[in-house]
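The structure under discussion appears below in the form of C-alpha cells.
Quick note: residue numbers are just sequence positions, from 1.
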Amino acid sequence: MVTRREAAQRLDIPLEMAVRHGIPSRMSEQELNELDATPPAWLAQSRANRTGKKAVWVELRCDVCGFTETARPKKWWPAFTYLTCSHHDPDELPEPGPGMARSEVDGIGSGFIGVIDEAPATH
C-alpha cells in the first residue's frame, strides 16, 4: 500500500492537491500506476502547467550519516554547501575552504541544518 504522501511525491504534486482531489489516505501500487498512466484532467493540467523552475519535492540527505527525507522546498532556502542532521556536531563536516565563512540555517525539513560556506562580502 502507498500512502497519500508517497503518492503525492511520486505524482510530483503538493500533498494539499492530493487531498483536494480525493486521493485516498492509502492506495494500492496498481491504483497509483493507473492514476499516473492515465491522469485525470486536474493532474494532466497540473503537469502541463509545470515549468520545471521549482521542484515540488526535494530529497534532503545528511552529508554526515546519509539519512534522507523528502520535503517540500521553501522559497527562503538558500543553496546549501552541506546538509546535516541537527544532532551531529559541526566538526563532523569538512572545514570551510581558505577565505570562506560558514553560516548555518536551522529548520530545514524535520530536523536538518543547512550549512553555507561562502566568501565574505566585501564593502
Side-chain angles (χ1 to χ4, degrees):
M1 295 300 280
V2 178
T3 65
R4 181 184 293 134
R5 179 180 170 87
E6 291 169 318
Q9 290 170 4
R10 289 174 50 186
L11 295 171
D12 199 28
I13 59 172
L15 185 57
E16 302 80 15
M17 183 181 284
V19 171
R20 185 171 54 247
H21 289 287
I23 291 181
S25 60
R26 296 207 176 271
M27 62 191 321
S28 72
E29 191 75 37
Q30 180 181 353
E31 289 171 314
L32 178 60
N33 290 339
E34 289 173 11
L35 184 62
D36 190 33
T38 55
W42 64 266
L43 182 54
Q45 184 65 46
S46 173
R47 289 175 174 173
N49 290 343
R50 295 290 314 274
T51 61
K53 293 179 183 175
K54 181 183 171 211
V56 176
W57 296 94
V58 295
E59 182 178 88
L60 305 175
R61 179 180 301 277
C62 176
D63 289 307
V64 175
C65 69
F67 174 76
T68 62
E69 171 185 307
T70 303
R72 295 285 308 274
K74 306 299 182 220
K75 290 180 182 179
W76 57 267
W77 287 358
F80 300 115
T81 306
Y82 300 104
L83 278 173
T84 180
C85 297
S86 59
H87 64 270
H88 291 302
D89 196 77
D91 66 2
E92 293 181 69
L93 292 172
E95 290 293 319
M100 301 294 272
R102 176 164 283 174
S103 59
E104 296 181 351
V105 179
D106 290 326
I108 307 303
S110 66
F112 286 89
I113 295 174
V115 177
I116 304 162
D117 292 347
E118 58 189 350
T122 58
H123 294 9

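Arg5 and Thr70 get closest at one heavy-atom pair: NH2-O, 2.5 Å. Across all non-hydrogen atoms, the minimal contact from Tyr82 to Asp63 is CA-OD2, 3.1 Å. The minimum heavy-atom distance between Ala119 and Met100, with the atom names listed, is N-SD, 3.6 Å. Looking at every heavy atom in both residues, Pro39 comes nearest to Asp36 through CD-O, 3.7 Å. Across all non-hydrogen atoms, the minimal contact from Ser46 to Ile13 is OG-CG2, 4.1 Å.
The salt bridge (Lys or Arg N to Asp or Glu O under 4.0 Å) check on Glu16 picks up Arg72, with sequence neighbours excluded. With sequence neighbours excluded, the residues that form a salt bridge (Lys or Arg N to Asp or Glu O under 4.0 Å) with Arg102 are Asp117. Listed by chain and residue number, nothing satisfies the salt bridge (Lys or Arg N to Asp or Glu O under 4.0 Å) test with Glu34 (two or more places apart in sequence, or in another chain). With sequence neighbours left out, the salt bridge (Lys or Arg N to Asp or Glu O under 4.0 Å) criterion links Arg10 to Glu29.
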Does Leu11 form a side chain to side chain contact (heavy atoms under 4.5 Å, CB included) with Leu32? I'd like the steps, not just the answer.
CA-CA 9 Å; Leu11 295 171; Leu32 178 60; 3.9 Å; yes
Please list, one pair per line, the donor and acceptor atoms closer than 3.5 Å that link side chains of residues 20-27 to other protein atoms, with sequence neighbours excluded.
none

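A salt bridge links Glu59 with Arg61; the closest basic N to acidic carboxylate O contact falls under 4.0 Å.
In the hydrophobic clustering, Trp77 connects to Val58, Leu60, Phe67, Trp76, Phe80, Leu83, Val105, Ile108, Phe112, Ile116, either directly or through intervening members, whenever side-chain heavy atoms lie under 4.5 Å apart.
Placement of Leu35 and Val56 in two distinct hydrophobic clusters is found when ILVMFWY residues are connected by side-chain heavy-atom separations under 4.5 Å, directly or transitively.
A side-chain N or O of Ser110 and one of Glu69 form a donor-acceptor pair less than 3.5 Å apart.
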